[in-house]
**Q** 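So that we are looking at the same thing, I have put the structure below in structure tokens.
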Amino acid sequence: MSLVGATPISRSMLGGEAPEVAPLLLGKILASSVGGERVVGRIIEVEAYTEADPASHTFRGPTDRNRVMFGPPGHLYVYLSYGIHRCVNVVTGTEGSGQAVLIRALELLDGVETARRRRARPDRELADGPGKLCKALAIGAEHDGIDALARSSDVMLLDDGVPPPRRPVTGPRIGISKGVDTPWRFRVSGPS
DNA sequence: AAAGAGATGGTCT
DNA sequence: GACCATCTCTTTT
């Protein structure tokens, strides 16, 4: 598989509701060039969050923190989790609608050496969690709101032609206390 | 192998 | 003052 020729995904792909868009992001590529070091991974696990969803940061309407989620699709919503970790989302839906897809795990394709240095963990733990992958790709608060479909961005969403899984594994989202009934976690088949 | 607990700070009530 | 869209280390089976 070659990453040469991979192009930003189409913005129209992100215009639907997060639970519909989320499985379409499986197989797409998240590429970082932060600090001049390239780290690239294929998206293998995601979760959807919508405005009508009690687990979502947007459930109680727009605030200073979540305003990016109400903005245009394709931009990144980066937030601080548990006071320690950064997590990255791709905004979906029409402008004003307050929804996004959380990127939960990557299969690294390039820049593994850099990821090892940033993470200092066994290879299988370099990007197998939302906070872990942000550290591997050096995604931080400064990337909140950037357009992941713009060629000038340090963090980009790419498509190399690999189709999403025909039948992704679905299940409840992780680490939430409300909205546990909605099966809005999606993963390519493989180790959980 | 599994379970438990502490870290740590922004956001919202 | 409570609550986290998590991770890592320590303790226990």
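Chain letters run A, B, ... following the sequence lines, proteins first, then strands; residues in each count from 1. All values derive from a computational prediction rather than experimental measurement.
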**Q** How about A:Lys28: does its NZ atom have over 12 heavy atoms from other parts shown lying under 6.0 Å from it?
**A** yes
**Q** In whole Å, what is the span from the CG atom of A:Asn66 to the C1' atom of C:dA5?
**A**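 Taking atom C1' of C:dA5 as the reference, CG of A:Asn66 is at 13 Å.
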**Q** Does A:Arg173 make a cation-pi contact with A:Tyr49 (under 6.0 Å, within 45 degrees of the axis)?
**A**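 Satisfied, under 6.0 Å and within 45°.
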**Q** Which nucleotide wins on minimum distance to the side chain of A:Tyr79, given the candidates C:dT6, C:dA5, C:dC9?
**A**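 Out of C:dT6, C:dA5, C:dC9, the nucleotide with an atom closest to A:Tyr79's side chain is C:dA5.
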**Q** Take atom CD of A:Glu45 and atom C1' of C:dA5, then tell me their distance rounded to the nearest Å.
**A** 12 Å
**Q** Whether the side chain of A:Ser81 engages the backbone of A:Cys87 through a donor-acceptor N/O pair (distance < 3.5 Å, no angle test) should be reported.
**A**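 No, the answer is negative, given that no donor and acceptor are paired below the 3.5 Å cut-off.
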**Q** Any salt bridge linking A:Asp53 with A:Lys178? Criterion: basic side-chain nitrogen under 4.0 Å from a carboxylate oxygen.
**A**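 The answer is no: the pair does not qualify as a salt bridge.
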**Q** What's A:Leu102 touching, base or sugar-phosphate or nothing? Going by heavy atoms closer than 4.0 Å.
**A**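 Since a base atom lies under 4.0 Å of A:Leu102, the category is base.
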**Q** Kindly say if A:Ser177 contacts the phosphate of C:dC4, meaning a side-chain N or O under 4.0 Å from OP1 or OP2.
**A**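 For C:dC4, OP1/OP2 do have a side-chain N/O of A:Ser177 under 4.0 Å.
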**Q** Using atom NZ of A:Lys178 as one end and atom C1' of C:dA2 as the other, report the distance to the nearest whole Å.
**A** 11 Å
**Q** By the 4.0 Å heavy-atom rule, please label A:Asn89 as base, sugar-phosphate, or nothing.
**A**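 Base, at least one base atom sits under 4.0 Å.
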**Q** Please report, rounded to the nearest Å, how far the C1' atom of C:dT6 is from the CD atom of A:Glu47.
**A** 12 Å
**Q** Looking at C:dC4, C:dT6, C:dC7, which one has an atom nearest to any side-chain atom of A:Arg119?
**A** C:dC7
**Q** Run the salt-bridge test on A:Arg185 and A:Glu45 with the 4.0 Å N-O cut-off and return the result as yes or no.
**A**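 Yes, this pair counts.
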**Q** Please report, rounded to the nearest Å, how far the P atom of B:dT13 is from the CZ atom of A:Phe59.
**A** 12 Å
**Q** Can you name the one residue among A:Val188, A:Val101, A:Ile103 that meets side-chain contact (heavy atoms from CB on, under 4.5 Å) with A:Ile43?
**A** A:Ile103
**Q** Could you verify whether a donor N or O on one side chain and an acceptor N or O on the other, from A:Thr58 and A:Glu51, lie under 3.5 Å apart?
**A** no
**Q** Is there a donor in the side chain of A:Thr92 and an acceptor in the side chain of A:Gln99, or the other way round, less than 3.5 Å apart?
**A** yes
**Q** Let me know the distance between CG of A:Asp128 and C1' of C:dA5, rounded to the nearest Å.
**A**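 These atoms are roughly 16 Å apart.
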**Q** Just the rounded figure in Å: distance from C1' of C:dT6 to CG of A:Leu133.
**A** 12 Å
**Q** Is the side chain of A:Asn89 donor-acceptor paired with the backbone N or O of A:Val91 at a distance under 3.5 Å, no angle test?
**A** no
**Q** What string of B, S and - do you get for nucleotides 2-10 of chain B 5' to 3' if you count protein non-hydrogen atoms under 4.0 Å?
**A** -----BBBS
**Q** Roughly how many Å is it from CD in A:Glu125 to P in C:dC7, rounded to a whole number?
**A** 11 Å
**Q** Expected output check: what is the dot-bracket annotation of DNA chain C, where ( ) and [ ] are pairs inside the strand (brackets for crossing ones), | is paired with another strand, and pairs are Watson-Crick or G-U under 3.5 Å?
**A** ||||.|||||||.
